[in-house]
There are 2 protein chains.
Amino acid sequence: MRVGTLGHALLGLLADHPRTGYALLKHFEQSLGYAWPASHSQIYPELAKLREAGLIREGASLPRGGRPYELTKAGHEEVRRWLRETEPSHTVRNEASLRLFFLWLLEPDEAQAYLRDEARRARHVLAELEAIAAEPDPDSPKTRAYGIALELGLRTWRARLEWAEWAVTEICRAPG
Amino acid sequence: MRVGTLGHALLGLLADHPRTGYALLKHFEQSLGYAWPASHSQIYPELAKLREAGLIREGASLPRGGRPYELTKAGHEEVRRWLRETEPSHTVRNEASLRLFFLWLLEPDEAQAYLRDEARRARHVLAELEAIAAEPDPDSPKTRAYGIALELGLRTWRARLEWAEWAVTEICRAPG
DNA sequence: CGAGGCATGTAAGTTGTTACATGATTAG
DNA sequence: CTAATCATGTAACAACTTACATGCCTCG
């Protein structure tokens, strides 16, 4: 079996402690999803594949049909191999940014409205990230790594907000 | 036919002036690709679909087998409809950022090396964008829109570089 | 007892990646 | 002449989205 990015992300989360598919899903929604979104319809089949490949195993089932998975030794080795031996992909795909190249096809006021919406969106995401940053957590290698990831989110969305506020005035600036 | 993001991007580029598939590909590599990468194996079939849908039409063929496409009236309407009436997707997918959440699975020196590489990458992309920004172009709605897109790239990669330089020291900071 | 959150799955379709495959033209 | 760039396509596969589908438990 060939493990992809989602598979490695699941292994990485399970490296911390066993979790159910649902708990993994919630983790994506609350933190990883800012960098790599995943839906339940992708997570459950992927867990089944990782189990067949012997990288995770099922633990004792929980109350409401919840079935926790834990990492096997092979799974632990695989996630470390991924981090150490494979090149990270730097491709970025962002439809909202792509649209900027076509703003000149709209009337100036429509283009400006788009940029104002971009500012609004940035403010919204930034507020979410600041709420996460406000939660205190003890210092450990794991929380340190999460803090570094969070700080990247804060800085890039802050930059995006400042850019959007600049762009709103730039788009209607007098020619020259 | 249902037109997706790639299709709309192609229509948007052709709204400026007719181009061959190859010219569109080069445009993706040099500018749009920073926000939405596309390969020739995706572009050529997509152009064929847009033509069948009557959104673009083929012009007279050029010297080396090049076949330029131009926008039809329906194509022009479709790209404007896309910009005005559909919600932009804000999903972001970035493997390099995802890996940050798993840095604690590596030895401290390996994690630091990863962050140093992130800084190097940011410096590289920033240099590319600054080279593009250095090229002078006349003021027009189109160049204004491109300038706004470019400025976003400059600011976000600048933020990412500063973040990476901070993170390199943060990851090896004394606990507490 | 109903709404909402917990919990898991499948199916169909779209999109994107990697590899295979070919041929023309031009600059050195 | 040969390497690079121009130029276009297909095929197989992997990944992702959207919709369909089900059932349990708890709080009000």
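Just the heavy atoms: all of them, side chains too, but no hydrogens, waters or symmetry mates, feed the values below. Chain identifiers are assigned alphabetically (A, B, ...) following the order of the sequence lines, protein sequences preceding nucleic acid strands; residue numbering begins at 1 within each chain. What you see is a predicted model, and the numbers here were worked out from it, not measured in a lab.
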(message) Quick check for you: among dG9(D), dT17(D), dT8(C), whose closest atom lies nearest to any side-chain atom of R67(A)?
(response) dT8(C)
(message) Nearest to the side chain of Y22(A), heavy atoms from C-beta on, is which of dT18(C), dG16(C), dT8(C)?
(response) dT8(C)
(request) Assign the ring pair F101(A) / Y146(B) to parallel, tilted or perpendicular, where the plane angle (0 to 90°) is split at 30° and 60°. (result) perpendicular
(message) If you go through the side-chain atoms of S41(B), does one of them form a donor-acceptor pair with the base of dT18(C) closer than 3.5 Å?
(response) yes
(message) Does this structure show an ion pair linking R173(A) with E170(A), if we count only N-O contacts that are shorter than 4.0 Å?
(response) yes
(message) Quick check for you: among dC6(C), dA19(D), dT10(D), whose closest atom lies nearest to any side-chain atom of P45(B)?
(response) dT10(D)
(message) dA15(D), OP1 or OP2 - any side-chain N/O from Q42(A) closer than 4.0 Å?
(response) no
(request) State which of dT8(C), dT15(C), dG9(D) makes the closest approach to the side chain of K49(B). (result) dT15(C)
(request) Consider the side chain of Y44(B), meaning its heavy atoms from C-beta on, and name the nucleotide among dA7(D), dT8(C), dA21(C) that approaches it most closely. (result) dA7(D)
(message) With a cut-off of less than 4.0 Å, is there a side-chain N or O of R93(A) near OP1 or OP2 of dG16(C)?
(response) yes
(request) Answer yes or no: is there an ion pair linking K49(A) with E52(A), defined by an N-O contact shorter than 4.0 Å? (result) no
(request) Check whether any side-chain nitrogen or oxygen of R2(B) sits under 4.0 Å from OP1 or OP2 of dT18(D), and answer yes or no. (result) no
(message) Treating Q112(B) as the side-chain partner and V168(B) as the backbone partner, does any N or O pair qualify as donor plus acceptor under 3.5 Å?
(response) yes
